[in-house]
Number of protein chains: 2
Amino acid sequence: MKLTSTPRLADIAKRAGVSIAAVSIALHKAESTRVSAERRKKIISIAEEMGYSANELARALAERRTRLIGLAVPLRDPIFFNQFIAQALSGIQKTMMRRGYNLLIFSPSGKPGRATRDQILESKFTDGIIFINTRSCTVADVEETIDELQRANIKFSMINSYYGNSPINYAGADDAGIGEAAARYLAERGHKQIAFLSGQRTLPAHQQMVKGLKRGLKAHDLNLSAEHIGCSGYEETKAFEILDRWFDKRKDRVTAIFAADDQLLINLYDYIEQRGLSMPKDVAVLGRGNSGFGEHLRPRPTMFTIPTFSMGELAADLLIDSIENPKAEPRRVFLPYEFVNGVTA
Amino acid sequence: MKLTSTPRLADIAKRAGVSIAAVSIALHKAESTRVSAERRKKIISIAEEMGYSANELARALAERRTRLIGLAVPLRDPIFFNQFIAQALSGIQKTMMRRGYNLLIFSPSGKPGRATRDQILESKFTDGIIFINTRSCTVADVEETIDELQRANIKFSMINSYYGNSPINYAGADDAGIGEAAARYLAERGHKQIAFLSGQRTLPAHQQMVKGLKRGLKAHDLNLSAEHIGCSGYEETKAFEILDRWFDKRKDRVTAIFAADDQLLINLYDYIEQRGLSMPKDVAVLGRGNSGFGEHLRPRPTMFTIPTFSMGELAADLLIDSIENPKAEPRRVFLPYEFVNGVTA
DNA sequence: TTGAAAGCGCTAACAG
DNA sequence: CTGTTAGCGCTTTCAA
């Protein structure tokens with residue numbers, strides 16, 4: 001007699017005097033009429049008595065699905081301290097809980113930019129993966145990743161910034177829309193010298209915002225001059241240099257600044273405090289950032305926020321849709337931004 | 001001819017004209033001499049050419065291990081916003097990366113206090129689980145969980161607060177030690193009326209700290225009177241009532257307060273600001289909290305910090321040790337606290 | 001060295 | 001309704 005530490009279907013079948021198949025169905029297919037009610041009852045009670053719990057691995061192998069979804073985040077530092085990711089993860093979790101999936105977090109492979117290669121291999125464990133691209137992903141990185149995933153025949157959905165052409169599952173923010181709204185907001189309040197403090201001009205989100213800003217300004221017969229687009233490369237000193245340049249001017253000095261994300265907004269706040277300026281009197285400040293950010297900031301920033309939580313929720317739904325229904329068409333959804341009225345613009 | 005979307009060992013074997021076993025070994029057992037060098041080379045090149053990547057599921061079923069570790073956190077709200085958990089997770093990740101494991105985050109089952117039942121079942125996917133107990137876990141909850149895990153024969157390690165008797169893998173902080181150190185610190189600075197602002201007297205950590213405080217005070221011929229132990233139940237209004245009681249006294253007024261955790265320290269700060277007191281002049285404040293907390297707090301708190309990151313790292317190591325070496329004895333480790341010199345005590 | 005074959009524990013198609 | 005059997009794709013004896 002074989003003795004496994006944990007009972008198998010076969011053990012229950014023997015005890016109940018029925019076939020393995022009967023046990024499998026009695027325990028896992030609640031709706032099936034394949035086994036009679038009383039038989040099922042008996043089987044279930046024996047199973048409980050023996051402390052049976054299914055070997056998910058074997059089940060997954062036979063069913064060819066794990067109900068596991070992997071998370072890929074190309075990010076060097078620990079992902080759990082990142083508020084953006086925390087929000088997205090919470091959204092993802094919500095969907096997963098509702099639809100009965102669990103989340104597999106790949107341990108970073110150590111590789112820099114595109115930590116994906118290894119994660120794609122590991123993803124053999126999952127039914128699909130959610131890819132959160134960060135600001136360390138260039139457009140090329142992202143395209144390449146998409147390519148790899150598609151070649152490997154791995155279902156996925158993407159969060160954050162993608163404006164390429166591939167038909168993929170994607171949940172993101174309408175950055176061009178935010179840019180346009182920001183421009184209109186400031187222009188309507190009479191600002192003529194409007195500047196854009198950003199991070200990196202290679203980032204898709206940056207490009208979208210510029211596009212939107214230009215569109216919005218044009219509607220007011222204004223334009224966004226090259227010198228009013230400043231990219232800090234996410235270095236504070238660089239950001240301060242840019243701001244110095246804008247504020248040191250005698251004429252046509254900048255009167256309003258739109259900050260591309262949370263970190264840049266912080267840089268801007270620090271600069272303004274250090275220089276002894278006040279918002280919105282000396283300069284109007286408008287931000288773009290994750291929802292929730294800014295709540296603890298003083299003075300309260302006026303901003304357009306990105307519904308990160310919803311993005312996570314949606315990305316998970318899109319992915320699961322395409323897992324459960326293989327003919328589902330990929331969908332790209334741009335979630336609407338929100339406006340948070342503060343006192344800085 | 002069968003056509004699976006992704007190539008299997010059998011496909012490679014056929015193409016290479018060798019057995020399935022040979023392919024398996026050539027690809028996955030680098031050290032084995034079972035297959036000749038040139039054969040291996042050939043097999044590997046064919047595998048690459050065909051874009052082979054192993055079906056981890058089948059492998060796991062055969063090997064009876066997944067190299068997946070599950071995370072169980074009994075917490076109602078999204079875990080990813082919790083700094084304590086974020087830190088622990090980062091530590092866990094570090095170990096997992098080093099030792100080649102991945103993390104499976106169970107979606108909360110919806111149940112309140114002990115979200116474990118379902119998670120234990122799901123854990124059939126993992127080689128073991130890490131259990132992070134939070135302040136919503138009573139002593140009984142924890143004992144029951146340990147019981148369940150052991151009965152189900154599931155390897156696990158625990159993080160945070162456990163002072164029971166079971167020999168388990170555990171990584172936690174030395175709360176009694178912190179209590180004692182806090183008492184000594186304050187007593188040495190001449191304080192006689194020392195109070196302890198805590199959350200819940202049923203929590204193990206609370207009890208340990210009280211024990212330590214008493215021990216430390218005794219060394220200075222002082223003692224901790226019952227009225228100087230205040231538990232807010234983690235409600236701000238309750239905390240304020242307690243503080244009112246301490247500060248409204250005319251004689252023997254409290255001159256130093258030890259706050260049991262981050263949240264209580266914040267409550268204390270708010271109260272002190274609101275009441276227009278100053279630290280440490282009017283009252284000395286000493287805190288206990290997660291490492292890193294307090295860095296952004298002004299004035300900078302004097303505190304004993306808990307090495308949460310290391311706790312995660314260690315808990316993962318302990319668990320993996322016991323997975324990879326079944327005869328490894330469970331170990332309970334109390335990590336040393338650290339002292340952060342601030343200006344409040 | 002190598003190949004054949006027996007599992008790992010479960011699901012699903014097939015036959016009664 | 002029920003049992004038998006053939007996979008799922010891999011690892012690992014066991015013979016050769």
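Values below: all heavy atoms of this structure, side chains included; hydrogens, waters and symmetry mates excluded. Protein chains get the first letters and strands the later ones, always in sequence-line order, with residue 1 at the start of each.
Using cut-offs of 30° and 60° on the angle between ring planes, the pair A:Y162 and A:Y170 is perpendicular. Using cut-offs of 30° and 60° for the angle between ring planes, the B:H28 and B:Y52 rings count as tilted.
Taking atom NZ on B:K14 and atom C1' on D:dC10, their separation rounds to 16 Å, with Å as the unit. Between the CD1 atom of A:I43 and the P atom of D:dC1 there is a distance of 14 Å, given to the nearest Å. Going from atom CZ of B:R64 over to atom C1' of C:dC10 covers 14 Å, rounded to whole Å. Residue B:L57 contributes atom CG, which lies 10 Å from atom C1' of D:dC10 at whole-angstrom precision. Whole-Å rounding puts the B:I12 CD1 to D:dG9 P distance at 13 Å. The NZ-C1' distance, from B:K42 to C:dT1, rounds to 15 Å in whole Å. Rounded to an integer number of Å, the gap from CG of A:L9 to P of D:dT5 is 17 Å. Distance, A:D11 CG to C:dC10 C1': 13 Å, rounded to whole Å.
Looking at B:R8, B:K14, B:R15 one by one, the single match for salt bridge (Lys or Arg N to Asp or Glu O under 4.0 Å) with B:D11 turns out to be B:R8.
Which of D:dC10, C:dA4, C:dC10 sits closest to the side chain of B:R34 comes down to C:dA4. In this structure, the nucleotide among D:dC8, C:dG3, C:dT11 sitting nearest to the side chain of A:L61 is D:dC8.
For the pair A:A58 and B:E63, both in contact range of DNA chain D, the more 5′-proximal nearest nucleotide belongs to A:A58. Mapped onto DNA chain C by nearest heavy atom, B:S19 and A:I25 fall at different nucleotides, with B:S19 at the one closer to the 5' end.
At a threshold of 4.0 angstrom between heavy atoms, the contacts of B:A21 include nucleobase atoms, whether or not backbone atoms are also involved. Within the 4.0 angstrom heavy-atom criterion, base atoms lie near B:I20.
OP1 or OP2 of C:dT11 sits under 4.0 Å from a side-chain N or O of A:S24. Taking 4.0 angstrom as the limit, B:R59 places a side-chain polar atom (N or O) nearer than this to OP1 or OP2 of D:dT11. OP1 and OP2 of C:dT1 both lie 4.0 Å or more from every side-chain N or O belonging to B:R39. Using a 4.0 Å cut-off, no side-chain N or O of A:Y52 falls inside it from OP1 or OP2 of C:dG9. When the side-chain nitrogen and oxygen atoms of A:K29 are compared with OP1 and OP2 of C:dT11, none of them lie within a distance under 4.0 Å. Between D:dT2 and A:S36, a contact under 4.0 Å exists linking OP1 or OP2 to a side-chain N or O.
Here the shortest heavy-atom pairing between A:M50 and A:I12 reads SD-CG1, 4.0 Å.
Once rounded to the nearest 0.5 Å, the distance linking CZ of B:F84 with OG1 of B:T134 reads 8.5 Å.
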